[in-house]
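Heads up, the thing below is written out as structure tokens.
All values derive from a computational prediction rather than experimental measurement. Numbering of residues begins at 1 and proceeds along the displayed sequence.
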Amino acid sequence: IGQLSTKSYTVFGRGLLNLATEVQSWHQCVQLSNCLCACVCFTDDAGTYFPSVKRDPGRYLQPCSDSVKTWLHSMKNAGKVLLLITSSHSDYCRLICEHILGKDFEELFDVIITNALKPGFFSLVPQQRPFRTLVNDVEESEGLPSLDKPGWYSQGNWPHLHELLKTMTGKPEPKVVYFGDSMRSDMFPASSFGKWETVMIVEEMEGEGVPKSDAAKSNEAQVEPLEKKGKFEQGMKSPSAISNQWGSYFVDVHQSGGGDEESQKLTWCCHCIHKYSTMAIPSVEHIADLPLDYKFPRFSPDKPCTTGYYPRPPDSLLKRCESMS
């Protein structure tokens with residue numbers, strides 16, 4: 001599982017975008033991002049973001065529904081090996097997971113990897129970073145030559161993790177299903193280098209006719225009432241809403257030569273989803289109540305482009321297929 005909480009990163013990303021107008025180059029913006037994400041920022045209460053999240057996690061983080069927690073427990077009880085891989089540092093990861101999963105979240109996962117530095121985590125020889133153990137959220141200076149047992153680690157690389165999974169499962173080629181919400185950090189490297197099955201979390205599906213799951217609706221009803229939220233949050237559009245400026249996340253409308261005819265083409269983002277993801281869902285809640293052996297439709301170049309979205313394709317793709325038939 002590569003996704004921790006999209007809500008917190010949405011707030012962070014929007015703030016960074018606003019700050020970009022105050023710096024003179026994109027290079028400075030990248031430097032600013034790296035500075036804000038440095039491990040010492042959380043420990044030292046630097047800036048405004050980390051101190052704000054630490055002071056009031058519920059303002060920025062939404063707890064996982066009971067159905068998701070039950071789903072994780074059921075996989076664990078079924079003998080599946082559960083991994084949590086995030087580029088967040090261990091202290092920040094712990095804060096998030098304790099709030100969204102509970103104080104006992106470590107019991108859910110066999111292996112937890114923080115500061116994974118994705119997509120570099122999936123690099124092959126000779127660019128591999130060694131795994132490192134942690135002492136009070138501080139990385140040991142000496143890297144590990146291999147990964148010999150389950151536990152909580154920092155940095156690391158896919159080949160060493162693969163060898164550990166062979167040992168833990170007793171299988172020469174263990175199958176991994178990896179959930180994530182980033183094409184750059186999760187889907188592309190995990191499928192291209194790790195050869196893992198990948199499930200992309202695409203919130204934009206909910207902005208195009210895919211209803212929220214009952215579990216998600218129930219969970220949202222239990223969070224703080226709107227009047228307790230700040231004015232900034234109240235003025236924000238839903239992350240899944242269609243952009244008034246850019247249109248659909250999945251389909252672009254192109255004007256032909258004279259502008260009299262329109263043609264619909266898949267966006268680059270949509271092409272990437274179909275190429276590097278096994279399937280796409282708007283949230284984990286949509287599948288949490290299904291049997292563990294449920295057979296999902298998967299993306300394939302031999303099937304319609306609407307195949308692979310669960311519980312159903314977004315409206316723009318359905319309309320495109322109708323116009324082409």
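Using modelled atom types, one side-chain atom of Ser87 and one backbone atom of Lys118 make a donor-acceptor pair closer than 3.5 Å. Using a distance-only test at 3.5 Å, with no hydrogens or angles considered, no donor-acceptor pair links the side chain of Glu206 to the main chain of Pro282. In this structure a side-chain-to-backbone donor-acceptor pair under 3.5 Å is present from Ser248 to Val251. Side chain of Thr278 to backbone of Thr198: a donor-acceptor contact under 3.5 angstrom is found. His162 contributes no side-chain N or O that, together with a main-chain N or O of Asn157, makes up a donor-acceptor pair within less than 3.5 Å. A donor-acceptor distance shorter than 3.5 angstrom exists from the side chain of Thr267 to the backbone of Tyr249, with no hydrogens or angles considered. Of the possible donor and acceptor atoms, one in the side chain of Arg312 sits under 3.5 Å from a partner among the backbone N and O of Gly209.
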Check against side-chain contact (heavy atoms from CB on, under 4.5 Å), Asp289 and Trp71: CA-CA 7 Å; Asp289 291 328; Trp71 177 64; over 6 Å; no

Test log, rule side-chain contact (heavy atoms from CB on, under 4.5 Å), inputs Leu317 and Cys270: CA-CA 10 Å; Leu317 285 177; Cys270 192; 4.1 Å; yes

side-chain contact (heavy atoms from CB on, under 4.5 Å) between Cys305 and Cys321, intermediate numbers included: CA-CA 8 Å; Cys305 67; Cys321 287; 4.0 Å; yes

side-chain contact (heavy atoms from CB on, under 4.5 Å) evaluation trace for Ile113 with Leu83: CA-CA 8 Å; Ile113 301 170; Leu83 315 171; over 6 Å; no

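Taking the six-membered ring for Trp and thresholds of 30 and 60 degrees, Tyr92 and Phe42 have ring planes inclined between 30 and 60 degrees apart. Using cut-offs of 30° and 60° on the angle between ring planes, the pair His274 and Phe299 is tilted.
Side-chain atoms of Ile85 and Leu161, non-hydrogen and from C-beta on, do get closer than 4.5 Å to each other. When side chains are defined from C-beta on, Ser65 counts as touching Val68, because their heavy atoms get closer than 4.5 Å. In this structure, Met279 and Pro297 have side chains that are not in contact, with every pair of non-hydrogen atoms separated by 4.5 Å or more. In this structure the side chain of Tyr309 never reaches within 4.5 angstrom of the side chain of Val210, judged on heavy atoms. Counting heavy atoms from C-beta outward, Arg320 and Leu266 have side chains that approach closer than 4.5 Å. A 4.5 Å side-chain heavy-atom check between Asp137 and His89 finds every atom pair outside the cut-off.
Residue Phe296 is grouped with residue Val199 when hydrophobic side chains (ILVMFWY) are merged at heavy-atom distances under 4.5 angstrom, including chains of intermediate members. Linking Ile, Leu, Val, Met, Phe, Trp and Tyr whenever their side-chain heavy atoms come within less than 4.5 Å puts Ile281 and Tyr294 in one cluster. Note on Val284: it clusters hydrophobically with Met75, by side-chain heavy-atom contacts below 4.5 Å among ILVMFWY residues. Both Tyr153 and Val176 are members of a single hydrophobic cluster when ILVMFWY side chains are connected at heavy-atom separations under 4.5 Å. Leu82 and Leu290 fall within the same hydrophobic cluster, defined by Ile, Leu, Val, Met, Phe, Trp and Tyr side-chain heavy atoms under 4.5 Å apart, directly or through other members.
Taking OH from Tyr60 and CG from Leu95, the interatomic distance works out to 12.0 Å, rounded to the nearest 0.5 Å. Put simply, OG on Ser154 and CD1 on Ile112 are 12.0 Å apart, with the number rounded to the nearest 0.5 Å. How far CG of Asn136 is from CG of Asp91: 11.0 Å, rounded to the nearest 0.5 Å. Atom CD in Glu322 sits 10.0 Å away from atom OG1 in Thr306 (nearest 0.5 Å). Distance CD/Glu106 to SG/Cys93: 8.5 Å, rounded to 0.5 Å. The CE atom of Met205 sits 7.5 Å away from the NE2 atom of His286 when rounded to the nearest 0.5 Å.
Minimum interatomic distance between Leu165 and Pro174 (heavy atoms only, all atoms of both residues): CB-CG, 3.9 Å. Taking all atoms of both residues into account, the shortest heavy-atom contact from Asn115 to Glu139 is ND2-OE2, 2.7 Å. Here the shortest heavy-atom pairing between Leu101 and Leu72 reads CD2-CD1, 4.0 Å. Considering all non-hydrogen atoms of both residues, Ser277 and Met200 come closest at OG-CB, 3.6 Å. Of all non-hydrogen atoms in Pro130 and Gln155, the two that sit nearest each other are O-CB, 3.7 Å. Pairing each heavy atom of Asp186 with each of Gly180, the nearest pair is OD2-CA, 3.5 Å.
Using a cut-off of 4.0 Å between Lys/Arg side-chain N and Asp/Glu carboxylate O, Lys166 and Glu163 are scored as salt-bridged.
Applying the salt bridge (Lys or Arg N to Asp or Glu O under 4.0 Å) test to Lys80 and every residue at least two apart in sequence or in another chain returns nothing. When the side chain to side chain contact (heavy atoms under 4.5 Å, CB included) test is applied to Lys76, the partners found at least two apart in sequence or on another chain are Asp110.
Side-chain contact check for Thr70 and His73: no donor-acceptor pair (N or O, by modelled atom type) lies under 3.5 Å.
Within a 6.0 Å sphere centred on NZ of Lys265, heavy atoms belonging to other residues, nucleotides or ligands number 12 at most.
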Show me, pair by pair, the donor-acceptor contacts under 3.5 angstrom made by side chains of residues 140-150, not counting sequence neighbours?
{"unit_1": "Ser146", "atom_1": "OG", "unit_2": "Asp148", "atom_2": "OD1", "d": "2.9"}

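Of the residues Trp196, Phe188, Phe193, the one that meets the ring pair (Phe, Tyr, Trp, His ring centres under 6.0 Å) test with Phe122 is Trp196.
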